[in-house]
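What follows is one structure encoded as structure tokens, with my remarks underneath.
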Amino acid sequence: MAELKDIMTIRTRFAPSPTGYLHIGGIRTALFCWLYAKKHGGDFLLRIEDTDRERSTQESVNAILDGMAWTGLDYDGDAVLQSDRFDRYREVADQLLSSGQAYQCYCSKDELDEMRAAQVARGENPRYDGRCRNRVDAEDGIKPVLRFKTPTEGSVTVNDLIHGDVTFENAQLDDLVIIRSDGWPTYHFSVVIDDHDMDITHVFRGDDHLNNTPRQIHMIEALGFARPVYAHMPMILGADGARLSKRHGAVNVMGYKDEGYLPDALINYLVRLGWSHGDDEIFTREQMIDYFDIVDVNPAASKFNGEKLDWVNQQYIIAGTGTEHGAELAAQLELLGVDINNGPVPAEVYEAFKERAVTLKAMAVSMLWLYQDFDAFDEKAAKKNLRPVIKEPLIALHQTLAGLTEWTAANIHNAIQAVADQFALKFGKLGQPVRVIVTGAGVSPPIDATVELVGKERTLERFDVALEYIAAREAAAG
RNA sequence: GCUCCCUUCGUCUAGCGGUUAGGACACGGCCCUCUCAAGGCUGAAACACGAGUUCGAUUCUCGUAGGGAGCACCA
């Protein structure tokens, strides 16, 4: 007999709530979910959980959509909005109410708080005690909530792909609210209905939901729905071991775009958090899908390490080309207020800078002198390299460069070498002063490529400025 | 407080009863070198603790400790 999973199409979903930006932990859950679906030739769906009408915003919905697009986690079909499904939730709620599996509760917030305080004082798990279960009279003027009748005895076992079988005693559970007094369903209720209606076979989510799963399973059973397979992903923690949150800094996925990270690098970093394939570190998307196996997912939480992300990002920048990332680099330059028409084409500059930048943003910052004139030389670099002793060689080089008809790195290199030889200097003794002259400071790509990129006109102008600087220094020294 | 989950270098991890416990980031040293990088070589760095099972435990079981999460008319 064929296993159910063999004849069924695997369908997973990512179900974030639009109450802020798209969280880095969320995108990692989405990634594993996406990977699992792709690996098994299934579907990956997106559902926006916006039943909390108070906190959900359109802006946040857009942030989710933008984040999915930027990271390249493509989903099948259109995103499902829970707010479009209000009537369906009511329908199922009515069904539960009429079958006696749910009941109306008129307890006030104060009453509930009091009850829980008393339970905690007694060393018990704070939980709703079911006092409205058998209530028949409605209370005027109070809009009731609907509670689900959770079994009070026995236990449920969650079969989890990552954590194995986890058993919960029903006595620990309580009658949860499934419809709020405003008529909207709560998370636990809408998830159960949506996952069923969307034919979701595998539920991937953070393992902060593991404790909630038995409650949902009871509703699934009451409704006669098929139980999905669960995979509770370990949390991502901050460096201090606490759950990753805003206070740890960059948790907004789109923030990484702004900071100059490549989406492939972020995804690659994230896939290695809690999952591995031997000693491999860098994976293409195809390799990730090919190698991915849920049994290799580590059940333990992991700490987010920005330095490792930086390294991965740099690996992707080095492996990338100007054709691929030129537009992103240009965007970073423009963010810095640079007019990219005032210098070389970013896509062509990329090659010279890619081995010395951790992010596209840092790369842009390191090449500002290609597009803007600087007001002064870096003090330390100038003091060390723009000395009177190098004045004559620089004058000679200035002339040689001015005479170059073809402004190529090779010709520039030869020019520097020739002048260095003429004055019996090592290449670097002349190269470094030139670097300071054209860039204003002591760091740049190889000097010949640097000078070529700066351009002939600008280079000669900057030589003039530097020569004046040295002359002034000479005069001051007397 | 109760319930659940988790535990290999500082960090991410490999390991799936017998290994000099491997790799990666970060850190130190050396090489390369016109700067900075990149790259190569190299060093230091871990099985939380205690019982048990076993000829033999990092690996299996149970405790302990530590960490995380849940206990809402938030998801």
Side-chain angles (χ1 to χ4, degrees), chain A residues 15-19 49-52 54-56 105 107 109 112-113 116 119-128 143-147 158 160 162-163 166-169 171-174 176-182 184-188 190-191 205-214 232 234-235 237 239 241-243 269 272-282 296 298-312 314 318 353-358 366 381 385 413 416 420 426-436 439 441-448 450:
Chain A
S17 57
T19 53
E49 310 234 322
D50 58 350
T51 54
D52 184 340
E54 294 285 314
R55 301 198 304 152
S56 299
C105 168
C107 293
K109 187 175 186 306
L112 294 173
D113 287 346
R116 290 186 186 113
Q119 288 166 332
V120 170
R122 272 181 268 130
E124 292 171 14
N125 196 350
R127 50 191 286 281
Y128 182 67
K143 283 200 167 165
V145 297
L146 204 61
R147 284 185 187 271
V158 178
D160 190 275
I162 296 171
H163 294 279
V166 184
T167 300
F168 296 85
E169 293 300 321
Q172 290 293 328
L173 275 23
D174 66 355
L176 71 162
V177 172
I178 57 176
I179 296 288
R180 298 176 240 241
S181 51
D182 67 1
W184 284 88
T186 56
Y187 162 74
H188 297 292
S190 53
V191 184
R205 54 170 45 151
D207 67 12
D208 47 339
H209 281 297
L210 186 53
N211 285 286
N212 294 146
T213 306
H232 285 94
M235 303 266 87
L237 275 21
R243 180 182 182 160
Y269 171 71
R272 281 286 290 101
L273 221 48
W275 176 81
S276 60
H277 180 261
D279 289 340
D280 297 349
E281 294 289 347
I282 303 295
D296 295 325
N298 188 339
S302 45
K303 291 178 184 168
F304 189 87
N305 184 290
E307 288 174 334
K308 180 79 176 271
L309 203 214
D310 283 348
W311 177 79
V312 175
Q314 183 168 28
I318 291 173
F353 283 79
K354 69 181 188 180
E355 275 181 8
R356 37 185 66 74
V358 165
S366 74
N385 295 291
H413 186 94
I416 297 173
K426 286 180 70 176
F427 188 94
K429 286 289 179 191
L430 184 55
Q432 193 57 10
V434 172
R435 174 169 284 113
V436 176
T439 72
V443 177
S444 84
I447 193 61
D448 45 9
T450 296

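In what follows, chains are A, B, ... by sequence order, proteins preceding strands, each numbered from 1. Not measured: the values here are computed from a predicted model.
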Query - Test side chain to side chain donor-acceptor pair (under 3.5 Å) applied to A:H232 and A:T213, A:N212, A:N211, the passing residue - result: A:T213
Query raised in the report: Which whole-number value in Å describes the distance from A:L210 CG to B:rC6 P?
Result: 8 Å
Report summary line: Closest non-hydrogen atoms of A:D52 and A:R55, given as atom of the first, atom of the second and distance, are OD2-NE, 3.1 Å
**Report entry** side-chain contact (heavy atoms from CB on, under 4.5 Å) against A:K354, all qualifying residues, sequence neighbours excluded
**Finding:** A:I317, A:Y350, A:E351, A:M363
Query raised in the report: A:K308 NZ to B:rU13 C1': how many Å, rounded?
Result: 7 Å
Report task. Would you state whether a donor and an acceptor, one from the side chain of A:S181 and one from the base of B:rC73, lie under 3.5 Å apart? Result -> yes
Requested in this report: Check the distance between B:rU35's C1' and A:H413's NE2 and give it to me in whole angstrom.
Outcome: 14 Å
Query - Distance test, side-chain N/O of A:S276 to OP1/OP2 of B:rA14, below 4.0 Å - result: yes
**Report entry** Phosphate OP1/OP2 of B:rU35: any A:T439 side-chain N/O under 4.0 Å
**Finding:** no
Query raised in the report: How would you list, by chain and number, every residue that makes a salt bridge (Lys or Arg N to Asp or Glu O under 4.0 Å) with A:K426, sequence neighbours excluded?
Result: none
Requested in this report: Send over the distance from A:K303 NZ to B:rC25 C1', rounded to a whole Å.
Outcome: 15 Å
Requested in this report: Take atom CD1 of A:I447 and atom C1' of B:rU33, then tell me their distance rounded to the nearest Å.
Outcome: 14 Å
**Report entry** salt bridge (Lys or Arg N to Asp or Glu O under 4.0 Å) involving A:D310 - partner list, sequence neighbours excluded
**Finding:** none
Report summary line: Across every strand shown, the nucleotide meeting Watson-Crick or G-U wobble geometry with B:rC71 (both distances under 3.5 Å) is B:rG1
Report task. Could you encode protein contacts along nucleotides 37-47 of chain B as a string, one character per nucleotide from 5' to 3', using B for base contact, S for sugar-phosphate-only contact and - for no contact, with a heavy-atom cut-off of under 4.0 Å? Result -> BSS--------
Query - A:Q119 (side chain) and B:rG1 (base): donor-acceptor pair under 3.5 Å - result: no
Query - Contact pattern, 5' to 3', of nucleotides 61-72 of chain B - B, S or - by protein heavy atom under 4.0 Å - result: -------SBSBS
Query raised in the report: Pick the nucleotide of RNA chain B nearest each of A:P445 and A:F304; which residue has the one closer to the 5' end?
Result: A:F304
Report summary line: Hits for ring pair (Phe, Tyr, Trp, His ring centres under 6.0 Å) against A:H209, two or more places apart or cross-chain, chain-then-number order -> A:Y187
Requested in this report: Mind checking A:V166 for me? I need base, sugar-phosphate or nothing, with any heavy atom below 4.0 Å counting as a touch.
Outcome: sugar-phosphate
